Enquirer: 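So that we are looking at the same thing, I have put the structure below in structure tokens.
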Amino acid sequence: MKKSLIALAVLAASGAAMAQSSVTLFGVVDATYAYGSGSVSNKSQLTNSGYNSSRLGFRGVEDLGGGLSASFWLEAGVNNDNGTGGVTNTNNQAATSTGGGLTFNRRSTVSLNGGFGEVRLGRDYTPQFWNLTVFDPFGTNGVGTTQTLNSSLGGPTTVRASNAIGYFLPGNLGGFYGQAQYYMGENNSGTPNKKDGNGLALRAGYANGPINAAIAFSETKFLTGNIKSWNLGGQYDLGVAKIMAHYSNDDIKNGNEGTGFLIGGLIPVGAGEVRLAYSTYKIDTVGADPRSNKIALGYVHNLSKRTALYTTFARVSNKNGAAQALNGSVTAANRNSTGYDFGIRHSF
Amino acid sequence: MKKSLIALAVLAASGAAMAQSSVTLFGVVDATYAYGSGSVSNKSQLTNSGYNSSRLGFRGVEDLGGGLSASFWLEAGVNNDNGTGGVTNTNNQAATSTGGGLTFNRRSTVSLNGGFGEVRLGRDYTPQFWNLTVFDPFGTNGVGTTQTLNSSLGGPTTVRASNAIGYFLPGNLGGFYGQAQYYMGENNSGTPNKKDGNGLALRAGYANGPINAAIAFSETKFLTGNIKSWNLGGQYDLGVAKIMAHYSNDDIKNGNEGTGFLIGGLIPVGAGEVRLAYSTYKIDTVGADPRSNKIALGYVHNLSKRTALYTTFARVSNKNGAAQALNGSVTAANRNSTGYDFGIRHSF
Amino acid sequence: MKKSLIALAVLAASGAAMAQSSVTLFGVVDATYAYGSGSVSNKSQLTNSGYNSSRLGFRGVEDLGGGLSASFWLEAGVNNDNGTGGVTNTNNQAATSTGGGLTFNRRSTVSLNGGFGEVRLGRDYTPQFWNLTVFDPFGTNGVGTTQTLNSSLGGPTTVRASNAIGYFLPGNLGGFYGQAQYYMGENNSGTPNKKDGNGLALRAGYANGPINAAIAFSETKFLTGNIKSWNLGGQYDLGVAKIMAHYSNDDIKNGNEGTGFLIGGLIPVGAGEVRLAYSTYKIDTVGADPRSNKIALGYVHNLSKRTALYTTFARVSNKNGAAQALNGSVTAANRNSTGYDFGIRHSF
């Protein structure tokens with residue numbers, strides 16, 4: 001999720017003086033050779049986003065005076081192994097766009113910022129996603145991604161929501177931070193699915209010195225069963241290592257319930273970093289409680305702040321009928337799967 | 001339709017000296033909460049383009065010497081509530097692209113400019129669209145959009161055409177302006193639809209001091225019936241207010257005929273502007289002449305030249321079987337519909 | 001294939017000093033009126049890329065020190081007659097994306113460069129394509145495009161491949177150059193099509209003073225029959241003219257075999273250039289050997305380095321059942337087809 005940004009020098013159209021405002025072009029191109037091995041079949045790929053999500057974005061801030069500012073952010077996912085764009089979801093109900101063209105699926109927002117905080121409108125991450133990714137040593141990218149995301153029952157709004165009205169607390173609260181988000185499925189009233197895709201979510205946390213911890217809650221209406229999710233996570237920076245953990249719960253009304261946790265850490269080693277994690281997710285369902293456990297170990301070598309080489313190895317074990325497999329391989333129920341990534345991440 | 005532009009500082013690749021040419025990155029991110037109420041159902045949305053159309057564009061000009069210049073313009077519609085792109089139309093016959101990815105649907109042209117005027121090739125607004133939007137206080141955006149556009153029988157080329165060869169008069173004709181456009185459906189000869197989507201359109205006007213007025217005419221061949229449209233519009237700036245009106249007529253060969261008009265105005269109020277309009281469109285068809293009338297009232301508050309807050313309220317009444325509804329609501333024939341927008345427009 | 005590039009002035013986000021790295025925004029907007037005439041039907045179009053392929057791209061280089069650098073290249077095809085994007089192919093097997101939205105179909109790569117050469121990952125031209133386009137006076141664009149490409153049996157990877165790992169020799173080998181590329185279809189093991197879309201290709205050449213010559217070889221696995229292609233080409237610059245020729249062969253296992261060649265030249269004339277070529281392609285199949293021959297003659301007039309007007313006329317003759325037609329026209333077997341382009345190319 002790290003982004004190295006480059007500000008384009010911007011001149012106001014009406015003159016040569018440097019404007020007080022700027023537009024930033026930014027992006028990540030991350031390519032990875034990914035191999036997955038399962039009991040049924042294996043897969044070999046040149047894919048993307050093994051370390052950071054590939055993207056191309058445009059963002060800017062305008063100072064409105066009096067402590068107010070306006071800003072925008074348009075960020076498109078890029079599948080740089082084949083040139084297609086990321087898929088978005090227009091109504092928070094199901095993937096309704098599969099065209100392959102570039103969309104600002106990662107974020108497309110306009111904000112008004114001031115002493116009161118930030119009001120942000122558009123498509124954005126949901127509050128319930130942050131703890132899963134911030135407190136995952138693998139940042140929910142690549143073969144090491146936490147099982148709390150990979151197996152999540154959280155539904156279409158687990159990561160992002162469209163049609164969202166968001167609010168963020170200001171940054172000067174002594175380490176306390178928080179956000180609220182309301183998102184709409186935009187169905188007509190008087191229909192059975194009138195609330196399908198509507199949701200409300202909250203997140204609150206505290207970051208100060210070596211500590212960072214947060215809790216989040218969400219409830220999303222779905223015709224197939226409303227989903228309540230909550231999670232909490234935290235990290236502590238010991239200097240020689242940063243340790244982190246999170247717990248998550250997703251409860252579908254009159255349906256299954258999923259529970260997961262992760263424990264892991266990041267260990268700086270010279271210009272690099274060792275990453276390791278153990279994560280698990282269990283689904284409470286009738287007859288069996290399928291569970292998958294993953295161990296992941298990786299190393300990132302920074303050639304610069306913008307460019308890194310990386311590799312990750314992971315192994316997932318399945319129990320009680322689970323059949324999770326890694327990197328596109330297929331594995332039978334209760335069998336293991338292993339996979340590895342080897343790639344380069346370049347940001348701009 | 002207002003665009004605040006920012007020129008990116010551009011250096012020639014071969015040296016550090018400022019080039020005589022420039023590429024401009026520009027855009028609008030406009031998010032609006034939109035509510036519509038009808039006799040059948042209501043709708044609540046976080047949508048886009050309530051005041052100005054959201055977009056991302058790239059454009060540039062090259063001075064060729066001798067009064068000649070070349071220029072390009074690539075402008076993509078952006079649905080910033082969900083990240084998708086605007087839909088284009090490749091053959092002027094029907095919406096043939098629905099993928100959701102970014103396309104330069106708003107404009108994609110290359111031009112040669114000189115003392116003779118401008119020759120512009122590619123996808124662009126049609127001449128017959130301009131009077132409807134320039135002389136609408138709501139600029140054909142949001143819930144206040146004139147009924148002469150909302151109900152128009154003008155067909156797929158009412159707003160834009162692909163495969164167009166356009167010509168514009170030079171700008172130094174003492175206030176007179178004009179343009180011609182020929183667009184092609186690109187069907188093969190020897191087929192029943194060989195001319196489907198072919199069209200020719202003209203616009204001529206005069207703008208000087210407080211006055212601006214223009215007339216436009218178009219004829220487009222469609223397999224389902226050729227459409228002739230013509231319209232005229234004008235505005236007068238009284239200083240305390242700008243008043244405007246337009247009249248439009250769309251005639252389908254061996255089919256229905258539509259007639260509409262608008263009267264409205266813009267009233268500056270401090271850093272803001274009050275907008276109001278009455279518009280109507282009537283369709284002459286067999287047995288009944290459905291008509292819809294709209295009143296719209298809005299206010300725009302400019303936080304800066306680039307950023308504005310706005311709200312618009314509108315009410316449409318239906319007669320003789322018409323069932324026009326606002327902001328995604330549904331209303332029965334001859335029933336009313338109301339709607340409002342509340343949003344923020346940020347341009348860059 | 002010529003690209004005029006403009007480097008955007010870039011400031012590091014963290015300070016005002018000029019960064020050692022840069023991001024370049026570049027593109028081509030090429031619009032052409034194209035007419036084709038065949039024995040069955042004719043076609044009239046305002047289309048794109050008659051001289052150079054229309055595109056919009058972003059690229060950059062980061063100096064990593066010690067002779068190493070990282071770079072990225074994201075380049076999207078743009079159909080500027082209607083605003084849609086170019087179509088990519090995610091698995092090297094068939095066109096799997098038709099949405100119409102912008103994709104980085106032309107190139108989406110990240111590279112690590114050093115004294116060892118360049119390792120390039122992502123979607124890129126295949127080695128087997130270069131000789132067809134470099135040694136075609138019409139650069140495989142527009143109505144004059146060599147028949148060795150137009151009729152090619154080379155399959156989905158004739159021009160580009162996704163999921164590719166490429167290697168390029170360094171540039172300091174006294175005129176010798178070369179590249180290797182391995183691309184993956186990314187199918188699961190244990191399936192009949194497990195190797196579908198996998199391929200390996202090589203190219204080697206020598207360029208020095210007036211001479212440039214190269215040879216290329218590729219083998220791609222397809223479920224419908226593996227394809228081996230090889231070709232060679234060369235050019236010699238006499239000063240008053242540049243003459244060029246190439247030969248190509250595509251062999252489908254247990255299937256047809258295609259063989260083609262081109263001879264042509266470029267003649268500088270003041271600010272312009274005359275282009276001419278004769279090309280042919282013959283398919284060895286059961287019962288008949290369909291062959292098409294093309295003559296093409298064109299002229300490019302450069303208004304500047306970035307902007308040119310051009311026209312091309314071509315005529316294709318068909319034998320033994322071939323039915324190649326130009327610019328979207330349709331012609332019967334063994335009948336001729338003619339076509340011409342007249343357009344403007346503007347690059348930035």
Side-chain angles (χ1 to χ4, degrees), chain B residues 8-13 19 21-23 25 58 60 62-65 68 70-76 84-92 96-112 119 121-123 160 162-165 182-184 186-191 194, chain C residues 3-11 18 22 24-34 36-38 40-48 54 56 76 78-85 97-103 302-309 325 328-330 343-348:
Chain B
L8 297 177
V10 171
L11 297 180
S21 304
S22 67
V23 175
L25 172 69
F58 306 87
E62 181 197 18
D63 186 349
L64 295 170
L68 271 184
S71 56
F72 77 96
W73 192 301
L74 298 172
E75 182 177 325
T84 57
V87 170
T88 187
N89 176 324
T90 59
N91 64 3
N92 303 324
T96 50
S97 171
T98 58
L102 214 63
T103 68
F104 294 115
N105 64 310
R106 292 183 52 82
R107 180 170 164 188
S108 59
T109 61
V110 56
S111 295
L112 197 60
V119 175
L121 306 175
R123 178 172 175 81
R160 292 182 182 87
S162 289
N163 318 314
I165 300 171
Y182 175 69
Y183 41 89
M184 286 175 263
E186 301 188 341
N187 297 304
N188 279 67
S189 68
T191 61
K194 60 186 176 182
Chain C
K3 289 178 231 61
S4 291
L5 305 177
I6 294 189
L8 298 177
V10 172
L11 298 180
M18 208 56 143
S22 67
T24 300
L25 172 69
F26 65 96
V28 171
V29 185
D30 181 326
T32 189
Y33 175 79
S37 171
V40 176
S41 74
N42 308 327
K43 192 166 201 166
S44 199
Q45 289 174 282
L46 191 283
T47 185
N48 64 79
S54 294
L56 177 69
V78 174
N79 300 318
N80 47 284
D81 48 330
N82 57 48
T84 57
S97 170
T98 57
L102 213 63
T103 68
N302 294 302
L303 298 174
S304 74
K305 284 190 178 180
R306 293 169 49 196
T307 303
L309 300 175
S329 67
V330 179
I344 179 171
R345 187 283 322 270
H346 177 65
S347 60
F348 56 95

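Labels below follow one simple rule: chain letters A, B, ... track the order of the sequence lines, proteins then strands, and each chain is numbered from 1. The model shown is predicted, which means the values in this text are computed figures rather than measured ones.
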Enquirer: To the nearest 0.5 Å, what is the distance between OG on B:S111 and CD1 on C:I344?
Expert: 8.0 Å
Enquirer: Go through the structure and list residues passing side-chain hydrogen bond (donor to acceptor under 3.5 Å, both in side chains) with B:S162, not counting sequence neighbours.
Expert: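 If we apply the side-chain hydrogen bond (donor to acceptor under 3.5 Å, both in side chains) test to B:S162, skipping adjacent residues, the hits are B:R123.
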Enquirer: Assess the residue pair B:F72 and C:N80 against the criterion (side chain to side chain contact (heavy atoms under 4.5 Å, CB included)); give the C-alpha distance rounded to whole Å, side-chain angles, the decisive distance to 0.1 Å, and a yes or no.
Expert: CA-CA 10 Å; B:F72 77 96; C:N80 47 284; over 6 Å; no
Enquirer: Check step by step if side chain to side chain contact (heavy atoms under 4.5 Å, CB included) holds for C:L25 and B:L25.
Expert: CA-CA 10 Å; C:L25 172 69; B:L25 172 69; 5.8 Å; no
Enquirer: Please state whether the side chain, the backbone, both or neither of C:S54 comes within less than 4.5 Å of a heavy atom of chain B.
Expert: neither
Enquirer: Indicate the atoms forming the closest heavy-atom contact of B:S189 with C:S41, along with that distance.
Expert: O-CB, 3.1 Å
Enquirer: State which residues pass side-chain hydrogen bond (donor to acceptor under 3.5 Å, both in side chains) with C:T307; sequence neighbours excluded, sorted by chain then number.
Expert: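 Result, side-chain hydrogen bond (donor to acceptor under 3.5 Å, both in side chains) vs C:T307: B:E62, C:H346.
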Enquirer: By a 4.5 Å heavy-atom criterion (distance strictly below it), what part of B:A164 contacts chain C: side chain, backbone, both, or neither?
Expert: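 Looking at B:A164, just its backbone touches chain C.
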Enquirer: Measuring heavy-atom distances to chain C, does B:F58 have an atom under 4.5 Å in its side chain, in its backbone, in both, or in neither?
Expert: side chain
Enquirer: Quick check on B:T191 against chain C: is it the side chain, the backbone, both or neither that has a heavy atom closer than 4.5 Å?
Expert: neither
Enquirer: Please find the pair of heavy atoms, one from C:N79 and one from B:S108, that lie closest to each other, and give the distance.
Expert: O-OG, 4.4 Å
Enquirer: Please classify the contact between C:V330 and chain B as side chain, backbone, both or neither, with a heavy-atom cut-off of under 4.5 Å.
Expert: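 Both backbone and side chain of C:V330 come within 4.5 Å of chain B.
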Enquirer: Please name the residue in the list B:N163, B:T109, B:V110 that meets the side chain to side chain contact (heavy atoms under 4.5 Å, CB included) test with C:D81.
Expert: B:N163
Enquirer: Do you know which two heavy atoms are closest between C:N82 and B:N89, and how far apart they sit?
Expert: CB-O, 4.2 Å
